[in-house]
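To find a chain, count down the sequence lines: A is the first, B the second, and so on, and within it residues start at 1.
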Number of protein chains: 2
Amino acid sequence: MEGYGTPSSSDLERLRRVLGPEDVSTDRYDLLTNALDAYPGELHLPDVVVWPETAEEVSEVLRLANDRRIPVYVRGGGTGLAGACVPVYGGIVINTMKMNRVIEVRPLDLQVDVQPGVIYDQLNAHLAPHGLFFPPDPGSSRSCTIGGMIANNASGLRAVRYGVTRDYVLSLRLVTPTGKVLRVGANVFKSSVGYDLVRLLVGSEGTLGVITDATLKLRKLPKHRSTVAAYFDSIEGGVSAINAVRQEGLDPAAIEFLDRLHVELISKHSSVLLPTHECMLILEFHGYSRRGVEEEVRAATDILKGSGVVQIELPHSADEEQRIWEARKALYPSVMRASKAPITGDIIVPLSKLLDTVMKSYELGERYGVTVGVAGHLGDGNIHTNWLTDGRDTDSWMRAAKANAELVDYAISVGGAASAEHGIGIEKKDFMSTQHGESLDLMRKIKELFDPQGILNPGVLI
Amino acid sequence: MEGYGTPSSSDLERLRRVLGPEDVSTDRYDLLTNALDAYPGELHLPDVVVWPETAEEVSEVLRLANDRRIPVYVRGGGTGLAGACVPVYGGIVINTMKMNRVIEVRPLDLQVDVQPGVIYDQLNAHLAPHGLFFPPDPGSSRSCTIGGMIANNASGLRAVRYGVTRDYVLSLRLVTPTGKVLRVGANVFKSSVGYDLVRLLVGSEGTLGVITDATLKLRKLPKHRSTVAAYFDSIEGGVSAINAVRQEGLDPAAIEFLDRLHVELISKHSSVLLPTHECMLILEFHGYSRRGVEEEVRAATDILKGSGVVQIELPHSADEEQRIWEARKALYPSVMRASKAPITGDIIVPLSKLLDTVMKSYELGERYGVTVGVAGHLGDGNIHTNWLTDGRDTDSWMRAAKANAELVDYAISVGGAASAEHGIGIEKKDFMSTQHGESLDLMRKIKELFDPQGILNPGVLI
């Protein structure tokens with residue numbers, strides 16, 4: 001995209017008037033800390049960072065940007081793994097962290113109104129006294145924002161049972177690139193009243209509008225939960241156990257997979273020591289009835305035994321359960337300590353293709369000479385293949401990038417998707433055509449319809 | 001919309017060449033039987049009916065229609081309640097009933113590929129031997145098609161636990177109004193790869209493209225199920241019990257409500273005799289574990305007792321359970337026998353507004369002097385208020401239409417929606433502006449983007 005404007009001193013003056021001088025910064029420190037997310041891409045500095053507090057302020061910023069054709073990037077917690085908030089063309093970064101109010105919890109409705117800058121874990125802490133929670137639990141739950149989750153259709157460990165962010169957004173207020181403030185959706189659990197604009201916006205990675213508040217559907221916290229950890233001496237055993245659990249009609253709240261490399265890294269770099277086998281599964285069961293949960297755990301245990309499990313852990317206390325989930329949550333920090341610049345894969349395939357795709361990861365690792373580990377929410381088909389390299393732009397990094405690209409192509413070729421939950425951002429734009437074929441053209445036209453000047457998140461997604 | 005063409009004799013010739021003469025009809029009987037759905041609106045005859053069997057044939061029909069600007073209406077089982085397939089401007093009706101193959105069941109993937117003309121109950125009969133089912137169970141399950149369900153984002157009795165059609169469509173093939181055949185979506189349970197075109201098409205009521213096949217996510221059939229019927233001497237008691245069940249964190253597969261009028265009509269017009277009280281609830285529990293289901297039934301029974309229930313039925317055999325569900329399924333036939341032209345309401349409100357909205361129905365019935373009954377899937381907020389009139393275009397029908405319109409406005413005013421599952425069609429177009437405000441303009445632009453000549457389902461929805 002060519003011909004973007006740069007904020008002039010009078011533009012900056014106008015922004016300061018609208019937002020207050022403390023919420024507009026051209027300070028180099030602020031530009032730097034608002035330039036990257038968790039994707040290890042190139043550095044692009046914005047010209048200015050703003051921290052609006054209301055939809056009206058966001059509208060004013062977008063009006064100015066649209067008048068002057070200045071690029072605008074929207075940023076939440078900065079935990080994205082695909083660079084979807086990286087200001088590729090400079091311009092204005094809208095940082096949503098000051099729009100961080102939980103506006104209203106309506107326990108009887110099982111709903112909450114939130115601003116986009118609310119942190120996921122903080123929202124759930126706020127909801128817990130009401131016996132409620134917002135399920136999609138991404139790995140970055142301690143610092144990711146609800147706005148970012150909506151923009152990215154985020155999910156995580158509990159998606160296999162509870163679904164993804166898309167399934168929980170009832171309505172939202174957005175500011176269009178021309179500064180119009182619109183409400184879309186209705187605060188009900190289902191509807192058939194025309195085109196689903198809410199779900200068009202969920203996962204649109206900030207390219208269609210800026211979300212300034214949202215109403216989310218909530219769930220009651222489960223009365224009982226129970227965790228099972230299982231270790232296998234072969235990848236085949238672990239993966240076939242996952243399929244067997246699903247075929248049995250069990251409905252676990254989590255079905256996690258970690259291979260030997262990941263288990264070893266966690267044992268080495270975290271406070272949790274795990275037994276070393278070829279792979280590990282962690283299952284969690286939720287339910288209203290204690291006996292119901294116990295019976296599901298028993299059935300799962302029988303299935304695991306039938307799939308050649310070599311060791312099963314059934315924690316008998318909340319502490320022991322927490323230890324297992326701490327191990328799982330130590331996955332990324334451990335990978336980060338083992339590799340200066342890991343490439344974090346995120347693909348999803350149909351369940352019948354799980355084993356082939358996991359094995360394909362190892363085959364590609366061998367072929368390209370890259371250390372590779374497989375983990376992920378395998379219960380719904382979501383595989384995170386992590387490629388450990390010795391630094392960005394090194395030879396091993398280049399080889400890992402090629403291997404990862406080949407794996408993404410493979411996932412698409414078996415009916416899967418280039419990203420399950422991390423998004424396209426700037427990382428995976430090259431796969432959009434393979435993924436969508438001619439229907440990519442419809443997406444481009446929808447983008448133009450919402451954003452005729454192309455000012456919102458240019459260079460990202462589309 | 002002005003300026004539509006009419007099929008000429010050479011157009012009909014072209015259609016016969018493409019589809020074969022047996023799949024093109026201008027016979028008056030065929031025109032009549034393809035003119036209406038279950039909405040009691042005015043009669044509009046199409047000029048020609050076609051029964052394509054492939055996406056390529058659909059594409060040829062649309063190319064012709066687009067060249068000549070002839071309106072095209074798409075029709076499945078004709079069970080729609082809002083007139084979404086009524087050929088308001090004449091032209092071509094595409095009847096999908098010859099595209100009725102279950103293409104492939106993939107049990108390990110929990111997926112099925114289907115053509116749009118497959119009947120819902122037939123699909124589930126086909127899936128049952130695999131231990132699988134497609135949950136959204138609409139009332140018209142015996143004759144509605146999967147294509148119609150997708151076009152309408154249909155749901156029904158099991159939505160409170162399992163969600164709606166939208167939640168089960170993974171990918172689909174559509175033919176655009178200009179005749180292009182596109183595949184959208186991916187055959188996986190979640191993704192973050194750009195704009196969600198699948199969910200833009202679900203619920204678009206045939207206005208954006210013609211769906212020629214779809215891949216659906218399936219669920220394993222529950223191992224155990226149990227039904228509870230409960231009778232109350234006040235509406236308040238029944239509705240408060242529903243909210244109490246949800247607040248307890250129970251997760252029934254159905255939470256149905258029938259008021260006295262409906263219970264009496266069912267007893268009178270069906271083979272099932274029900275005890276007469278102010279209202280009746282039917283709950284169904286599904287689960288993997290028998291004991292888990294039993295414990296949920298026990299908890300629900302305790303809650304019902306705390307809400308002033310006067311009679312509880314706990315069926316002890318599959319036959320007894322079936323009897324209760326037969327009663328529920330007899331609802332619409334019974335209403336149809338009691339009234340020559342009932343107006344079937346379909347609104348949805350937040351759960352905290354359930355009681356107010358039910359009571360509002362009675363208040364409006366009294367104010368407008370119309371016999372009114374309330375039923376519905378109240379567990380998710382979906383209320384079907386039925387207005388019994390003595391015939392279409394009679395005075396009582398006019399009054400009922402006004403009362404129903406006022407109730408729809410009320411639902412929207414409390415954060416709800418004009419339709420939960422029946423759709424907008426031609427029936428509720430007047431509410432689109434109240435429902436969506438300025439964002440209706442975005443829908444209009446999306447329609448133009450997909451269908452620049454406005455040939456698909458003109459007069460419907462938008």
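Salt bridge B:D196/A:R199: absent, no basic N to carboxylate O contact under 4.0 Å. Taking 4.0 Å as the cut-off between side-chain N and carboxylate O, A:D302 and A:R298 do not count as a salt-bridged pair.
Contact of B:V164 with chain A is made through the side chain alone, with heavy-atom distances under 4.5 Å. Proximity to chain A is limited to the side chain of B:Q435, based on heavy atoms less than 4.5 angstrom apart. Contacts of B:A159 with chain A are made by side-chain atoms alone, with heavy-atom separations under 4.5 Å and no backbone atom involved. Contacts between B:K428 and chain A at a heavy-atom distance below 4.5 Å are absent for every atom of the residue. In this structure, chain A has a heavy atom under 4.5 Å from the side chain of B:I462, while its backbone stays farther away. B:H286 does not touch chain A: none of its heavy atoms, backbone or side chain, sits under 4.5 Å away. Residue contact with chain A, scored on non-hydrogen atoms closer than 4.5 Å, involves the backbone and the side chain of B:E248 alike. Residue contact with chain B, scored on non-hydrogen atoms closer than 4.5 Å, involves the backbone and the side chain of A:I348 alike. Proximity to chain A is limited to the side chain of B:S155, based on heavy atoms less than 4.5 angstrom apart. Neither the backbone nor the side chain of A:I347 comes within less than 4.5 Å of any heavy atom in chain B. The part of B:D251 that comes within reach of chain A is its side chain, from C-beta onward, which places non-hydrogen atoms under 4.5 angstrom from that chain. Proximity to chain A involves both the backbone and the side chain of B:I446, based on heavy atoms less than 4.5 angstrom apart. Within the 4.5 angstrom heavy-atom criterion, only side-chain atoms of B:F450, from C-beta onward, approach chain A. Interface remark: B:M432 contributes side-chain atoms only to the contact with chain A (heavy atom separation under 4.5 Å). Contact of B:L182 with chain A is made through the side chain alone, with heavy-atom distances under 4.5 Å. Contacts between B:I424 and chain A at a heavy-atom distance below 4.5 Å involve backbone atoms as well as side-chain atoms.
In terms of non-hydrogen atom pairs under 4.5 Å with chain A, the most contact-rich of B:A299, B:G287, B:S352 is B:S352. The most heavy-atom pairs under 4.5 Å with chain B, out of A:G381, A:A82, A:G415, A:A154, come from A:G415. Contacts with chain B were tallied for A:V349, A:V181, A:L208; A:L208 has the most, counting heavy-atom pairs under 4.5 Å. Each of B:R166, B:R290, B:R246, B:K447 has some count of heavy-atom pairs under 4.5 Å with chain A, and the biggest count is that of B:R166. The residue among A:H422, A:H130, A:R106, A:K180 with the most heavy atom pairs within less than 4.5 Å of chain B is A:K180. Contact count against chain B (heavy-atom pairs under 4.5 Å) is highest for A:L449 among A:L461, A:L449, A:L200. In terms of non-hydrogen atom pairs under 4.5 Å with chain A, the most contact-rich of B:G194, B:G163, B:P107 is B:G194. Ranking A:G416, A:G292, A:A418, A:S289 against chain B, the residue ahead of the rest is A:S289, based on heavy-atom pairs under 4.5 Å. Ranking A:A417, A:A186, A:A420 against chain B, the residue ahead of the rest is A:A420, based on heavy-atom pairs under 4.5 Å. Contact count versus chain A (heavy atoms, under 4.5 Å) is highest, among B:L174, B:I412, B:V188, for B:V188. Residue with the most contacts toward chain A among B:G203, B:G423, B:G185: B:G423 (heavy-atom pairs, distance under 4.5 Å). Note on B:E438, B:K220, B:K190, B:H436: by heavy-atom pairs under 4.5 Å with chain A, the leading option is B:K190.
Contact of the A:E294 side chain with the A:S226 side chain is not registered, since no non-hydrogen atoms from C-beta on lie closer than 4.5 Å. Using a 4.5 Å heavy-atom threshold, the side chains of A:L201 and A:V184 count as touching.
Remark: A:K223 is not positioned above the aromatic ring of A:Y288, lacking an NZ or CZ atom under 6.0 angstrom from the ring centre and at most 45 degrees off the axis.
Looking at B:S439, its side chain never comes within 3.5 Å of a backbone N or O of B:L442 through a donor-acceptor pair. Here the side chain of B:R291 pairs no donor or acceptor atom with the backbone of A:E295 at under 3.5 angstrom. Looking only at distances, a side-chain donor or acceptor of B:S192 sits under 3.5 Å from a matching main-chain atom of A:N152.
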What do the steps show when you test B:F189 against B:L110 for side-chain contact (heavy atoms from CB on, under 4.5 Å), and what is the final call?
CA-CA 10 Å; B:F189 296 155; B:L110 307 170; 4.1 Å; yes
For A:M443 and B:L197, what are the C-alpha separation, side-chain angles and deciding distance, and is it a side-chain contact (heavy atoms from CB on, under 4.5 Å)?
CA-CA 8 Å; A:M443 294 192 197; B:L197 297 177; 4.0 Å; yes
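A side-chain N or O of B:E421 and one of B:H377 form a donor-acceptor pair less than 3.5 Å apart. Side-chain atoms of B:N153 and B:T165 form no donor-acceptor pair, as typed in the model, at a separation below 3.5 Å. Side-chain contact check for A:T207 and A:N457: no donor-acceptor pair (N or O, by modelled atom type) lies under 3.5 Å. In this structure, a donor-acceptor pair under 3.5 Å is present between the side chains of B:S171 and B:R183. Side-chain polar atoms of B:D346 and B:S419 form a donor-acceptor pair below 3.5 angstrom.
Here the two rings, on B:H224 and B:F285, have centers that are 6.0 Å apart or farther.
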